[in-house]
Structure formats: C-alpha cells, structure tokens
Amino acid sequence: MRIAILGAGSLGCVFGGLLADAGHEVLLVNRNRALVDRLNAEGLILDLGDAGRRLIKVQADTVCAPDAPVDLLIVLVKSFDTGTALAGARAAIGPRTLLLSLQNGMGHEDLMAPFAAPDQVLLGKTYAGGTMTQPGVVIGGAAGKKTFIGPAFGEVTGRMREVADAFSAAGLACEASAKIIDLAWNKLLVNVSTSGLSALTGLAYGPLYALAEVRSCAHAAVAEGMAVARAAGAKLDFVDPDEPWRLAAEGLPPGFKASMLQSLEKGRRTEIDFIHGAVVRHGAHHNIPTPVNATLVAAVKGLEHRITEEAKNA
C-alpha cells in the first residue's frame, strides 16, 4: 500500500517504521524540518525491546503533497490540528483513499467528515505506544498491543480488512471491527487512567505506578468515565476501574511517558479536551457528575497555559 502518516511523531514512527519495514511505501509527515532531514539521511532507529533494535529506511517530509493520492492516510496529529492538517493534505486524498484516525480521545469522525465520503472515514484505537528518546530514535511498545479499526459511518468493508491484515503482517496486531465506538470508549478509559496524572506529575510510568495515591485517583477518574460510557450506551470490556489502569502500562517500559506529558515537555498544547474533557462533556449531556475528570482538566489546562506561555517567551 501507499501510506502517508500525518503527525509522524513517536507513535507515527512506530506504525510507519514497521509498515515500511514490511515493504509498504510510507511517507512520514512531520513539521519538524530537523527531524525530517535526519530520518531521510540516517533512517529511523526503532527499539522494540525484546524484539530487537532496527534501522529502517524511511521517507519523510514536512508537507503531505504526494504526486498521487495514497491508499491510506493515517491521522496522528494532535486532535485540535486535524482540520488544518487534512486541508494541507488534499493532494493525498482521492476517491478511494481511506482516512484513519489513530488519535487519542473521541470525536474525530466529525473533524474528518468534510474531507472524504462517509465510507472512507475510519476510526482506530491502538494500545501500541512509542517514545522518541532523541530525533529519529524511538522506543516502540507494539508487542501484545492490539489495534482496532472500523467504520465511523456504515459497515466494515473488504478494504478495511485489508488494512487490518497489512498492519498485523507488519507486527501491529490489528482487527477490523464494526463495534469501533464501543472500542473507542474502552480506549478512552485507558487514556483517562494515566494521561492527566502523568502530565500533572511529570512522571514516566515506572514511578507513576509506584504511588498508591496516584492509583486511587486514576481509579476514581476511570469510574466516572465508565458511568458516562454506560449512560451513552457503550458496551465496555471493563467491570473494574483497575483494569484500564493495569492495561495502560502492560508491556511498556518503565521509562514510557504518556503523550500528554510528552506534549507538555515540548511546550505544546495537550489533548486534554478530547480525553478527560470528553468524559466531562458526555457526563454533562447524560447528567452524570464527573468532578475528578473536571479537576484534571482544569489542572492540566492551567499547567499547559503556564508551560506554553513560557515556551513562547523563552
């Protein structure tokens, strides 16, 4: 397949690297010119833990302007940049291009809908992770981490199954599912368990999981999310708030950092509105109180404001 990845940061490099290593034609799109130049000149170093360390030849650019539409456009930019990024990638989108969001949080189908027909819009939820330790060097957590994709509107098609099969063959275990909205709620609960707390404490998963107080707060945030999800009609895989908390760190190294923390460390906005904020919004719609998630939203937004202002003034 011809694949382009919008927002090829740490997770995008895990997907793009493994797909390129499997023989697909992959374009990694990242606005960071220095990173793009390094990837093109030296390749991507992907550290997969027990699965070894690979040097993978990749193609990267700061813009998504291929000479012809791609088969699959994976969207991994920050949620608030989705519309702008897709507007700049129109050359990659044709009548048969599948748009797949692998972004954190919920609500991305509405942001993608203006750019393709309903049967071209896919939602995906992945439990794989990645941390870029230096430009072009990524620790990838893919072993045993499932990815689910499915139609935002309509039914699963043969082309969607082909994408899932290609992912699985590349080492990214994937399943095409008609229940992607339920799966989105399940993944949201996993994000809720660690995202805000990792961002606020500045802790990687090793020390984060060593604190009983953090675990208790995570359980409370997830419990609110579970109540909201059930009120929204979602069928959940979890019956205990501890399950998403444990799943979030399963198979990942102690030095792994939640993407929300990685954003703050780079002086950037977070996706708090699409993760904990989604719980708060849906909770308000269904009259479910969400005080823990609302507090996490307020605290992260305050920290985000301070850090991004400091980055501007540096």
Side-chain angles (χ1 to χ4, degrees), residues 1-20 24-40 44 56 58-126 128 130 132 136 138 147 149-154 157 159-160 162-164 166-167 170 172 174 180 259 263 266 268-269 271 273-274:
M1 290 190 296
R2 298 183 71 239
I3 302 167
I5 301 181
L6 288 179
S10 53
L11 182 60
C13 282
V14 173
F15 273 80
L18 289 173
L19 288 166
H24 298 283
E25 183 183 338
V26 179
L27 174 64
L28 302 176
V29 183
N30 190 296
R31 293 179 295 184
N32 186 323
R33 168 55 68 183
L35 174 61
V36 164
D37 289 344
R38 181 179 178 118
L39 288 171
N40 286 328
L44 169 68
I56 303 168
V58 294
Q59 178 185 359
D61 205 339
T62 57
V63 295
C64 187
D67 55 8
V70 298
D71 301 305
L72 176 66
L73 182 62
I74 299 175
V75 185
L76 270 169
V77 297
K78 295 302 181 184
S79 297
F80 45 78
D81 283 334
T82 301
T84 301
L86 286 172
R90 291 187 187 274
I93 304 172
R96 287 184 54 79
T97 302
L98 294 177
L99 274 58
L100 169 62
S101 166
L102 287 177
Q103 297 154 289
N104 289 325
M106 297 184 69
H108 303 97
E109 64 274 23
D110 296 330
L111 301 176
M112 295 190 294
F115 298 93
D119 62 354
Q120 294 174 253
V121 178
L122 282 68
L123 295 176
K125 295 300 165 186
T126 184
M132 189 171 295
V138 176
T147 296
I149 66 171
F153 315 99
T157 65
R159 292 187 65 218
M160 295 177 193
E162 289 173 6
V163 171
F167 280 18
L172 295 155
C174 187
I180 195 63
S259 61
S263 293
K266 295 171 185 174
R268 298 175 183 169
R269 286 178 63 189
E271 295 179 297
D273 288 327
F274 292 83

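Counting begins at 1 with the first residue of the sequence.
Remark: Arg2 engages Asp67 in a salt bridge, criterion side-chain N to carboxylate O under 4.0 Å.
Looking only at side-chain heavy atoms (C-beta outward), Arg33 and Asp61 come within less than 4.5 Å of each other. For the pair Ile3/Phe15, no side-chain contact is recorded, criterion being any heavy-atom separation below 4.5 Å from C-beta on. Between Val75 and Leu111 there is no side-chain heavy-atom pair separated by less than 4.5 Å. Side-chain contact between Glu109 and Ser101: absent, with no pair of heavy atoms (C-beta onward) separated by less than 4.5 Å. At least one side-chain heavy atom of Ile149 sits under 4.5 Å from a side-chain heavy atom of Cys174. Residues Val163 and Leu72 have side chains in contact (heavy-atom distance under 4.5 Å, counting atoms from C-beta outward). Taking 4.5 Å as the limit, every side-chain heavy atom of Asp71 sits out of range of all side-chain heavy atoms of Leu98.
Considering all non-hydrogen atoms of both residues, Gly12 and Leu76 come closest at CA-CD1, 3.5 Å. Ala20 approaches Ile56 most closely through the heavy-atom pair CB-CG2, 4.3 Å. Of all heavy-atom pairs spanning Asp81 and Arg31, the tightest one is OD2-NH2, 3.8 Å. Closest non-hydrogen pair, Gly94 versus Pro69, comes out as N-CB, 3.5 Å. Residues Ala8 and Cys13 come closest through the heavy atom pair O-SG, 3.8 Å. Of all heavy-atom pairs between Leu73 and Ile93, the closest is CD2-CG1, 3.8 Å.
A donor-acceptor pair is defined here as one N or O able to donate and one able to accept, closer than 3.5 Å; such a pair exists between the side chain of Arg159 and the backbone of Arg96. A donor-acceptor pair under 3.5 Å links the side-chain atoms of Thr97 to the main chain of Val70, judged by distance alone. Here the side chain of Thr126 pairs no donor or acceptor atom with the backbone of Thr147 at under 3.5 angstrom. Side chain of Gln120 to backbone of Leu99: no donor-acceptor contact under 3.5 angstrom is found.
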Could you go step by step and tell me if Met132 and Leu35 meet the side chain to side chain contact (heavy atoms under 4.5 Å, CB included) rule? CA-CA 11 Å; Met132 189 171 295; Leu35 174 61; 4.1 Å; yes
- Query: Stepwise, does the ring pair (Phe, Tyr, Trp, His ring centres under 6.0 Å) test hold for Phe80 with Phe274?
  - Reply: CA-CA 9 Å; Phe80 45 78; Phe274 292 83; 7.3 Å; no
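A side-chain N or O of Asn104 and one of Ser259 form a donor-acceptor pair less than 3.5 Å apart.
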